[in-house]
Amino acid sequence: MDAELYRRTADIAAEYLRSLPERPVRAEASLEELRRALHVPLDDAPLPARQVIEELAAAADPGLVGTQSPRYFGFVIGGSLDAAIAADWLTSVWDQNGGGYPAGPSASVAEEVACEWLLDLLGLPEDAGVGLTTGCQMAHFTCLAAARHRTLADAGWDVEQDGLFGAPAIRVVVGAKAHTTVFAALRMLGLGSRRVELVPADDQGAMNVAELERMLHAGGGPAIVIAQVGEVNTGAMDAMPAITRLARTHGAWCHVDGAFGLWAAASPALRELVDGVAGADSWATDAHKLLNVPYDSGVAIVRDRAAHAAAMNSFAGAEYIPEPEHDERYQAEWVPEFSRRARGIAVYAAIRELGRSGVAELVERCCANARLMADALRGEDGVTVLNDVVFNQVLVRFGANGANVTDRVVDAVQREGTCWMSGTQWDGEPAMRISVCNWRTSADDIRRSAQAILAQARVTVG
Ligand SMILES: Cc1ncc(COP(=O)(O)O)c(C=O)c1O
């Protein structure tokens, strides 16, 4: 064992984190440069581990986007808390198979505790099933597999045994602004993405509840309604009290995409944004967004534990796996994977580092910084904030006299390097998305970033 290798790696990591406030947020190297640097010949002979790591770090460094930078606002990418990063290192060193208790008792119990804390923080039923997935897409997959199980079981069909051929049709009713990963999960589950019924959205992207009501009245049979708290561009929240009531009235399973928006529930100040969300049947969220756990870390929560376990059920027929004797956690019973990373350890560390009030403060600070950014941009000539900044997302358009120059502004800001954010389409036209998700971001970082954006906008808008 080369202890010096681990010390050297820790130094490289600490130096990277230390450099974040100063280094350009963009990646510096081009694709060709990265291929040249990393695409070395595959040697016949082994290399010393330290050489591998030093050369890898040097070659990769110019191609790293500073997603951990306090001025990174791209996609919806959370920062990483110190304890969560360090716990993630230990997860690799311990290398426990996170599939079940017999392969790693501490990993299993840490995950059990982390899941209990997640339910507590999010205000969800304490006896719900919880699975820690790679991300929200697989959390959707897990929750919707449970929904598929229960809706078909209630219709007298055993989908796990008999598959979908000949099964009663399940209606899937989805908000028009649902995230792309919802449709991916539906495709993987054989529920199809083209056959879903889309409920129109309002101008912020929230589901039109009157339309949902009309659509549910218009048909019957097994049904799944998929709502969303936190639209990926605007942060808009669906009206959960009405949606869960309608789903219940029509005997439909209600699933919620709360990839980042569900974290409003962890803050007493923001909780009313997701009022009624606890009345749903399943919830998909991420720990690698607002909770600031390193990738990959998603969470699938299902009220109906039996449906959840039946839909995953990894151990059926595995005679070589000992049966649980004392209700110990077999993580694979709650997620699609069998063997997996013991990802509960980093979630455990993140929640402990923050504590209940720290989680609330982190979510509130991200939202306050999003409002600060909107206020700093709004009012400048040629700058329009398109959304009601209800949460941590800001949607902006640049241009005067009917011209939309947003794509050019996004490009110029990314190249300038003070901060980084990405573009999108809203109402069929380009817009800039600013997502505030990092514990490191201060009000000063927001002011500095807004100035950098406005400087590029002035040049571009003219
Ligand atoms: C609303 C919403 N749902 C789902 C996802 C997908 O999350 P993941 O990348 O963890 O699968 C995202 C990602 O940004 C999102 O914003």
Side-chain angles (χ1 to χ4, degrees), residues 65 67 72-80 84 118 122 130-145 174-189 193 196 199 201 204-207 226-238 240 243 255-265 273-274 277 280 282-301 335-337 340-341 343 346-347 350 363 366-367 370 387 389-395 420-426 431-438:
V65 181
T67 54
Y72 181 84
F73 307 107
F75 308 105
V76 188
I77 293 190
S80 293
L118 284 167
L122 297 171
V130 187
L132 300 187
T133 58
T134 45
C136 198
Q137 176 162 294
M138 289 316 288
H140 288 318
F141 177 89
T142 305
C143 292
L144 293 171
V174 184
K177 287 288 188 180
H179 194 264
T180 177
T181 51
V182 165
F183 300 98
L186 290 170
R187 277 195 292 276
M188 289 188 282
L189 286 164
S193 54
V196 303
V199 189
Q204 295 293 307
M207 189 189 282
I226 303 179
Q228 172 170 262
V229 289
E231 200 277 338
V232 71
N233 297 299
T234 64
M237 310 275 179
D238 285 351
M240 291 312 303
I243 293 171
H255 171 67
V256 184
D257 180 348
F260 58 94
L262 192 58
W263 288 90
L273 287 172
V274 292
V277 79
S282 58
W283 304 264
T285 189
D286 273 321
H288 58 217
K289 291 188 167 73
L290 275 171
L291 188 60
N292 279 238
V293 173
Y295 285 103
D296 42 29
S297 198
V299 189
I301 303 171
V335 289
E337 301 94 342
R340 69 194 251 284
R341 183 170 182 78
R343 61 173 68 88
V347 177
V363 178
C366 288
C367 296
N387 66 325
V389 183
V390 291
F391 205 55
N392 66 330
Q393 306 289 122
V394 187
L395 192 62
W420 202 98
M421 63 274 302
S422 43
T424 186
Q425 294 280 314
W426 189 254
M432 174 191 274
R433 314 175 50 260
I434 300 169
S435 178
V436 188
C437 271
N438 192 329

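One-based numbering, in listed order, for ligands and for the atoms of each. These numbers come from the heavy atoms of this one structure, side chains and all, not from hydrogens, waters or symmetry mates.
When each of L189, V335, T133 is checked for a side-chain contact (heavy atoms from CB on, under 4.5 Å) with F141, only L189 meets the rule. Paired with F391 under the rule side-chain contact (heavy atoms from CB on, under 4.5 Å), one option of V363, T234, V436 passes, and it is V363. Of the candidates K289, R340, R343, D296 forms a salt bridge (charged side-chain N to carboxylate O under 4.0 Å, His left out) with just one, namely R343.
In this pair, H288 and Y295 present their aromatic rings tilted. The plane angle is within the 30 to 60° band.
In this comparison of D257, V182, T134, the heavy atom closest to atom 3 (N) of ligand 1 sits on D257. For atom 7 (O) of ligand 1, the nearest non-hydrogen atom from the set Q228, E231, H179, K289 comes from K289.
Closest to atom 16 (O) of ligand 1, if we only count protein heavy atoms, is V232 CG2, 3.3 Å. Atom 10 (O) of ligand 1 has D286 OD2, 2.7 Å as its closest protein atom, hydrogens excluded (heavy atom only). Considering only non-hydrogen protein atoms, atom 11 (O) of ligand 1 sits nearest to Q137 N, 2.8 Å.
Nearest heavy-atom pair, I243 versus M207, reported as atom, atom and distance to 0.1 Å: CD1-SD, 3.8 Å.
A heavy-atom separation below 4.0 Å is found between G230 and ligand 1.
Proximity of F75 to ligand 1, defined as any heavy-atom pair under 4.0 Å, is not found for any part of the residue.
The shortest distance between side-chain heavy atoms of D257 and V229 does not fall below 4.5 Å.
Polar contact check, C136 against ligand 1: a nitrogen or oxygen pair lies under 3.5 Å apart.
Ligand 1 places these atoms under 4.0 Å from at least one heavy atom of G135: 10 (O), 11 (O).
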Start with the C-alpha gap between L395 and Q393, add the side-chain angles, then the distance that decides, and say whether side chain to side chain contact (heavy atoms under 4.5 Å, CB included) holds. CA-CA 7 Å; L395 192 62; Q393 306 289 122; over 6 Å; no
